[in-house]
Amino acid sequence: MERPGRGGAPLWQGEVRAVETEYRPHVIEPKWQEVWRTTHLYRVVEDPARPKYYNLEMFPYPSGDLHMGHVRNYSLGDVMSRYYRMRGYNVLHPMGWDAFGLPAENAAIQRGVPAAQWTWSNIERMRGQLQRLGFSYDWDREVATCAPDYYKWTQWLFLLLYKRGLAYRGKALVNWCPGCQTVLANEQVEGGQCWRCHSEVEKQEREQWFFRITAYADRLLEDLKLLDGWPERVKAMQANWIGRSEGAEVDFRVEGLDETITVFTTRPDTLWGVTYMVLAPEHRLVERLIEGRPEAETVRAFVQKVKATPAREREQMEKEGVPTGAFCINPVNGERVPIWVGNYVLSEYGTGAVMAVPAHDQRDLEFARKYGLPVKVVIQPPGGSLDEATMTEAYVDPGIMVHSGPFDGTPSQEGIQRVIAYLEERALGRKAVNYRLRDWLISRQRYWGAPIPIIYCDRCGMVPVPEEDLPVLLPASLTDKTGGTSLADAPDFVATTCPQCGGPARRETDTMDTFMCSSWYFLRFASPHEESAPFNREAVDYWLPVDRYTGGIEHAVMHLLYSRFFTKVLYDAGLVSFQEPFTRLFTQGMVTLGGAAMSKSRGNIVDPDEIVNTYGADTARLFILFAAPPENDLEWSEAGVEGAHRFLQRVWRLAAEWAPLVKGAGPVNPTEFGKEERDVYRTIHETLQKVTGDIEDRFSLNTSISAMMTLVNRLYQYKEEAEAVRPELAREGLEKLVLMLAPFAPHLAEELWHEALGHQESVHLAAWPEVDPDALQREEVEVVVQVNGKLRDRMLVPAAADEAALREQALALPKIQPFLEGKEVVRVVVVPGRLVNVVVK
RNA sequence: GCGGGCGUGGCGAAACUGGUAAACGCGUGGGACUUAGGAUCCCAUGGGCUCUGCCCUUGAGGGUUCGAAUCCCUCCGCCCGCACCA
């Protein structure tokens, strides 16, 4: 492949000429974008000889317009891509489209155009916006999840999970979003509302497709420890979401019925203190327990009332319950335990039944007091003694077990394990681990998604679509059907033949959650055109895992958890050799206006196109990188944008003025430098050192830009004050500046690299400059002199001055004398090159 | 309640290993250039005072240290995630 730079053809064949005096981003930006595009400057191929760097940003949903959050996300990523490229890494920096999904489908229905057409035209538009911002993507690797050659492999991966027993169809109480007319995964419900349209989610019993992500709960939790490069916050959120808790399951036999109620508890040590049992209204045994009892009608009414309450309100409700009249038997002491139904017991968590120990659980205590249920203390605090009759605060801390049969006197923490062993020996219960994490519900009753590749045959039952028949293509459009939003409305799609018996059969009409499409796209980028597999193994072995992943915090649980799950499944299937997909994760802050996230509904949008039109892409990018540290929220400021623009103009003018001077200038020879020149030279290399460290070690891009501003200020000062500007030094300053600026303002840097500095190859393939350690040497340094830690004077001393000399000189300073008078010098702390602190009494 | 994080000028922020608090930018004030300036360049810009200089200042209070924005303790405030989780 013919590549420009590094021995390839020159990028730009123009004559070196005087640089225009005016900075005109509208001229230079499209010019270089065209050059970069036609020379495939950012195209990469696997090259085992070079270290790779896979730099990925979360791909966008093609909603139609790029917003400032995207600009920030991709500007941050682009700096790192360009930097590592200049550092000699083989950088994979791809872009694609998370293109299936509801908003596109809804928009398409509204406008009466096919969802595909709507999506592809959005992609067209947004690709143009990205290109106008000059991001260094290898566009040859572009993927869109709604393209058949992509979703074919999404379907293939579904079948992989199916074959591995990780995809199953089951009936469950699921989250139904009336706004989106589809079910949602637990992760996609936020505070009882749909994460996307904020409708109140309803609970419905439906048969759906699930992925058995719970089988990976422990590994997903455990392996968080491997993710040193992830923010604590995200790891905490995932750990929280998985919600592992250790304890025991205990079986309570129901009196008069051949049934047991199993409870999950984290406190088996309190088992002797159980005074009642509470079932969720949805518990399978409720109806059997009350059958024929006088309480039956009260209980049914209560259950109905609770079930009719939306989940969100249910959380706010006061704890209420009704007795069923039935009893069960505490397996450890044979006591009869009344069974209640309560509105606070969740059917989805644990076993949907809880044993109540009011003395040692606050919620149980309040419930017991409300209904006059007994309280029985079985853990005594050290030294203290609890009064069952009057206590209003449950004692939840460790203590000594009492009234607990064989365990009396046992410390409760030790008791937990011992009681579990006791239960297991007698087959009354067992050690158990419970998770908050639920299986991932991936069915969607909507058209615009990847069809689930399953066929239902009356004779053969459920049959997976054979691999060679993939992809199961979406029908072209549903928009001509009135109100039809699901594949169930497309008879031509539904009707098929059974792959096993050839008889008539029906296709599954659910499509897959779009999060499924985005759970593996980072693998596709390694070999986006691979036709025989979702990805090419060698390419994946070379590029993956992703070295750096940049995106918003909103995906902390959903996308990032699902992607980790997929990676582990693929690892277990022997298809990849790593267990975690993203080595380093960076979550950037929001872009705000008026203190709030930009959003159409709030009407506080700043349109990236307008900023590019007014100031150019380089200014837009520079502002967004400079205005705040990457992890902080960034408040948009037009004045700030102008400041960024002013800086670029300042760079431009300096280059324009110096261009004739530096044209034929040779390399610097610092031995010829005067004091001022040495100082300028040092500033250049100090800046280089700081910018390099800020990018690579700290990802502190705002301070790296401020360092470059300081350098530019220094060069202006030199230009104004020097009797004659030394051409080699001017060239050194300009050249290093342009190289450092290249990741931040790529167009301006490219233009100056060619036009002011006369280079032929792209600045973006140039090597990142090395710091000259000699340049950093100072002959003299300023040392601060303190008395008792208070700054009193400064002195200029030879850089090599030793402790004794510094001490002597400091003590002799006239400004220091008054502070020593009549005092005793107890100690002098000397930090060579920095400060002297005289301690007096 | 549990978990994660944050409090520094008028504003965004900087101070990386405990060593000159406020770099850089915005805003503001002043000056230069100019027919003009909303362009450009330069200077000033935390607060106070008895102003050659001194005192105060990093949410509040305390501690460790020669020295604390930075480390420790207590408290206050704010943000984010989860939350009747048994």
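Since the structure is predicted, the reported quantities are computational estimates derived from the model, not experimental observations. Protein chains get the first letters and strands the later ones, always in sequence-line order, with residue 1 at the start of each.
- Nucleic acid contact class of A:N632 (heavy atoms, under 4.0 Å, all strands): sugar-phosphate only.
- Here B:C66 is the nucleotide among B:C16, B:A14, B:C66 with the atom lying nearest to any side-chain atom of A:V839.
- Atom CZ in A:F647 sits about 14 Å away from atom C1' in B:A23, given to the nearest Å.
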Can you pull every protein N or O that's under 3.5 Å from an N or O on nucleotides 46-52 of chain B?
none

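- Nearest to the side chain of A:R363, among B:C85, B:U40, B:G19, sits B:C85.
- Residue A:M237 contributes atom CE, which lies 13 Å from atom C1' of B:C79 at whole-angstrom precision.
- Judged by distance alone, the side chain of A:Y615 and the main-chain N or O of A:A644 form no donor-acceptor pair under 3.5 Å.
- Between B:U20, B:A14, B:C82, one nucleotide has an atom nearer to the side chain of A:R436 than all others, and that is B:C82.
- B:C84 atom C1' lies 8 Å from atom OH of A:Y344, rounded to whole Å.
- When distances run from any side-chain atom of A:R646 to the nucleotides B:U20, B:A86, B:G27, the shortest one goes to B:G27.
- Donor-acceptor pairing under 3.5 Å is recorded for the side chains of A:S245 and A:Y349.
- A donor-acceptor pair shorter than 3.5 Å cannot be found between the side chains of A:K319 and A:N343.
- Rounded to whole angstrom, the span from the CD1 atom of A:I261 across to the C1' atom of B:A86 amounts to 15 Å.
- Looking at A:N837, its side chain comes within 3.5 Å of the base of B:C66 through a donor and an acceptor atom.
- Within the 4.0 angstrom heavy-atom criterion, only backbone atoms of the sugar-phosphate kind lie near A:N713; the bases stay farther away.
- In this structure, OH of A:Y276 is placed 15 Å from P of B:A86, rounded to the nearest angstrom.
- Picking from B:C24, B:G27, B:C42 the nucleotide with the shortest atom distance to the side chain of A:A639 gives B:G27.
- Side-chain polar atoms of A:R650 and A:N713 form a donor-acceptor pair below 3.5 angstrom.
- Nearest-nucleotide positions on RNA chain B for A:E782 and A:D694 put A:D694 closer to the 5' end.
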Evaluate the criterion side-chain contact (heavy atoms from CB on, under 4.5 Å) for residue pair A:L184 and A:R196; output intermediate values, then yes/no. CA-CA 10 Å; A:L184 299 172; A:R196 201 157 230 166; over 6 Å; no
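- In this structure, the CG atom of A:L711 is 18 Å from the P atom of B:A23, given to the nearest Å.
- Per the geometry, NZ belonging to A:K790 stands 15 Å off C1' belonging to B:G53, to the nearest Å.
- Checking B:U20, B:C41, B:C85 against every side-chain atom of A:L346, the shortest atom distance belongs to B:C85.
- B:U20 atom P lies 16 Å from atom CG of A:L806, rounded to whole Å.
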